[in-house]
Amino acid sequence: MEGFSWKLFLLSCLCAAEGSAQDFGQTQFICTSVPKDVDLCTAAMQNSGPAEDLKTTIIQLRETVLQQKETIVNQKETIKELTSKLSRCESQSLPAAAGPGGKRPGGKNTMGDVSRGTADTLAQLGQTLQSLKQRLENLEQYSRGNNSVQANSLKDLLQNKIDDMEKQVLSRVNIEESKPGHRNESDQRNKVETTLSSLHDRISDLEKGKETRPADRFQLTFPLRTNYMYAKATRTLPEMYSFSVCLWIKSSASPGLGTPFSYAVPGQANELVLIEWGNNPMEFLINDKVAKLPFSINDGKWHHLCITWTIRDGIWEAFQDGVKQGHGENLAPYHPIKADGVLVLGQEQDSLGGGFDATQAYVGELAHLNIWNRKLSATEIANLANCNSKAFVGNVFSWTESNIEIFGGATKWTFEPCSSIN
């Protein structure tokens, strides 16, 4: 061992032995001379091919874990930041309790602040939602590249946060617009509504994942009573001498769940209307004529409803969850249902395609609205309610995404009949 220290020689043997024991289980001592100016363990690792590969793999895995951890931390910070922003918006829009003469305890006059505060609040809410949109885009990119439990968990958490924020934003807009002397902030509100709709479309895309959602596997959600949140059919109805209309519905709104759907034609806003208003029972209107329906559905659970009607003698039948609950006659007898109208979901029309009243708006969820130009049999209705394989879609109006447009913050979510129920 001339030219080398015995001490260095022994240390190199120990280093090589330790690395082998950790990596391969069965070990043997291999001693190698190492110059004084070379790191002992580094030199030993350079002489072990499999250990070098393992080291590279470990480093790569460590970098991957650190990147995923950083992404998760960033998304959690995003949620925290959005919550903080929303809290600041609400604190700005709600003045402190005023004393006599419209003054806060500090003495500042607030009599002239309402209009300016409303505009600032809506603008701030719009900025918050735009920020949320950008963060959601980041989450989309992360989800595409990392199909992991962490990504799905973050997506669900952010989705719930968006839903909560939507309700608070729309509630704040309603409160501000109802204040005396408030000027119309329609531009700001429209921007907020547009952003909300865009956000929920993005979430729906995330929810689909790599697989395309079937065109009829969705529900509509109307979280608040407003006069601008609704959905509209992209096609009209033909003239009908009999019909059946069926849908899934879920609501716990009180008093009255509102108007699940309405069909207006030129000269008659109440051509077809399903409505539960105030403490009155649910009613079905044809050409302004009324039939009271024996439904009990505002329990927060999914229910399947079907209503049939024929022009002769105006005979009608009402089914809940596949079972006939009531029937009658003389409901607009010999009045054909007119064509070329507007079918709206979630609002009652006082004019063709408009004239909405917030007190009659629907609050809840609905899905699978289908319309036929004939009377369905009791067996066919039971098949629909039980999701039987023999169930079919409406031949006049069918529940597909291309047939429905949403407005004002109404949202679409994935819905599987029966498997999603209650």
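Residue numbers start at 1 and run along the sequence shown.
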Trainee: Given side chains that start at C-beta, do those of Ile286 and Ile337 come closer than 4.5 Å, heavy atoms only?
Mentor: yes
Trainee: Taking the side chain as every heavy atom from C-beta outward, state whether His304 and Cys246 have any pair of such atoms under 4.5 Å apart.
Mentor: yes
Trainee: One pair to check against side-chain contact (heavy atoms from CB on, under 4.5 Å): Val245 and Phe261. What are the steps and the verdict?
Mentor: CA-CA 11 Å; Val245 54; Phe261 71 85; 3.9 Å; yes
Trainee: Using 0.5 Å steps for rounding, measure from the CG atom of Leu305 to the CD1 atom of Ile249.
Mentor: 5.5 Å
Trainee: Out of the candidates Glu401, Glu405, Glu365, only one should pair with Lys412 under the salt bridge (charged side-chain N to carboxylate O under 4.0 Å, His left out) rule; please name it.
Mentor: Glu401
Trainee: Taking all heavy atoms of Pro294 and all of Ala318, pick out the closest pair and write down the distance.
Mentor: CD-CB, 4.4 Å
Trainee: So how far is it from Met229 CE to Thr221 OG1, rounded to the nearest 0.5 Å?
Mentor: 10.0 Å
Trainee: Can you measure from CG (Leu345) to OG (Ser262) and round to the nearest 0.5 angstrom?
Mentor: 8.0 Å
Trainee: Scan side-chain atoms only and decide if Asn373 and Asn395 contain a donor-acceptor pair under the 3.5 Å cut-off.
Mentor: yes
Trainee: Provide the full list of salt bridge (Lys or Arg N to Asp or Glu O under 4.0 Å) pairs with a residue in residues 338-350, sequence neighbours left out, each pair given once.
Mentor: none
Trainee: About how many Å separate CD1 of Ile371 and CZ of Phe397, when rounded to the nearest 0.5 Å?
Mentor: 6.5 Å
Trainee: Within the side chain of His368, is there an N or O that forms a donor-acceptor pair under 3.5 Å with the backbone of Trp399?
Mentor: no
Trainee: Hey, does the side chain of Glu271 reach the backbone of Gln268 with a donor-acceptor pair shorter than 3.5 angstrom?
Mentor: no
Trainee: Regarding Asp321 and His303, do their side chains bring together a donor and an acceptor under 3.5 Å, going by distance alone?
Mentor: yes
Trainee: Can you find a heavy atom in the side chain of Ile311 that is under 4.5 Å from one in the side chain of Pro336?
Mentor: yes
Trainee: Identify the two heavy atoms, one from Tyr263 and one from Ala339, that lie closest to each other, and give their separation to 0.1 Å.
Mentor: OH-C, 3.5 Å
Trainee: Can you find a pair of side-chain heavy atoms, one from Tyr334 and one from Arg312, that are under 4.5 Å apart?
Mentor: yes
Trainee: Assess the residue pair Phe319 and Ile381 against the criterion (side-chain contact (heavy atoms from CB on, under 4.5 Å)); give the C-alpha distance rounded to whole Å, side-chain angles, the decisive distance to 0.1 Å, and a yes or no.
Mentor: CA-CA 8 Å; Phe319 295 77; Ile381 292 174; 3.5 Å; yes
Trainee: Assess the residue pair Trp316 and Phe243 against the criterion (ring-ring contact (aromatic ring centres under 6.0 Å, His included)); give the C-alpha distance rounded to whole Å, side-chain angles, the decisive distance to 0.1 Å, and a yes or no.
Mentor: CA-CA 10 Å; Trp316 61 270; Phe243 69 82; over 10 Å; no
Trainee: Do you know the tightest heavy-atom contact between Ser351 and Ala264?
Mentor: O-CB, 4.5 Å
Trainee: Side-chain contact test, heavy atoms from C-beta onward, threshold under 4.5 Å: evaluate it for Leu376 versus Phe392 and give yes or no.
Mentor: yes
Trainee: Please answer whether the main-chain N or O of Ala215 pairs with a side-chain N or O of Thr400 as donor and acceptor at a distance below 3.5 Å.
Mentor: no
Trainee: Could you tell me which non-hydrogen atom of Cys306 sits nearest to which non-hydrogen atom of Leu384, and how far apart they are?
Mentor: SG-CD1, 4.5 Å
Trainee: Mark yes or no for whether Gln349, through its side chain, and Val342, through its backbone, hold a donor-acceptor pair below 3.5 Å.
Mentor: yes
Trainee: So Phe407 and Tyr230, would you call those rings parallel, tilted or perpendicular, with 30° and 60° as cut-offs?
Mentor: parallel
Trainee: Please set out all donor-acceptor pairs under 3.5 angstrom arising from side-chain atoms of residues 272-284, sequence neighbours excluded.
Mentor:
unit_1 : atom_1 : unit_2 : atom_2 : d
Glu276 : OE2    : Leu257 : N      : 3.2
Asn280 : ND2    : Trp277 : O      : 3.1
Glu283 : OE2    : Lys292 : NZ     : 2.8

Trainee: Could I get the full list of salt bridge (charged side-chain N to carboxylate O under 4.0 Å, His left out) partners for Glu317, not counting sequence neighbours?
Mentor: Lys324, Lys375
Trainee: Is a side-chain N or O of Asp313 found less than 3.5 angstrom from the main chain of Pro333, in a donor-acceptor match?
Mentor: no
Trainee: Of all the heavy-atom pairs spanning Cys387 and Trp248, show the shortest one and how long it is.
Mentor: SG-CZ2, 4.2 Å
Trainee: So, taking the atom named CD in Gln219 and the one named CH2 in Trp413, what distance separates them when rounded to the nearest 0.5 Å?
Mentor: 9.0 Å
Trainee: Working note: Gln360 + Tyr362, criterion side-chain hydrogen bond (donor to acceptor under 3.5 Å, both in side chains); need CA distance, chi angles, decisive distance, verdict.
Mentor: CA-CA 7 Å; Gln360 297 174 324; Tyr362 174 68; over 6 Å; no
Trainee: Distance check, rounded to the nearest 0.5 Å: Thr310 atom OG1 versus Ile315 atom CD1?
Mentor: 4.5 Å
Trainee: Tell me whether Ser251 contacts the main-chain N or O of Asn298 through its side chain, where contact means a donor paired with an acceptor under 3.5 Å.
Mentor: no
Trainee: Just by modelled atom types, is the Lys289 backbone N or O under 3.5 Å from a matching donor or acceptor in the Asn287 side chain?
Mentor: no
Trainee: When you measure from the side chain of Arg225 to the backbone of Ala361, do you find a donor-acceptor pair of N or O atoms at a distance under 3.5 Å?
Mentor: yes
Trainee: Keeping Trp309 on the side-chain end and Leu331 on the backbone end, is there a donor-acceptor pair under 3.5 Å?
Mentor: yes
Trainee: Between Ile404 and Ala231, what is the shortest heavy-atom contact and its length?
Mentor: CG2-CB, 3.9 Å
Trainee: Mark yes or no for whether Gln320, through its side chain, and Ser296, through its backbone, hold a donor-acceptor pair below 3.5 Å.
Mentor: yes
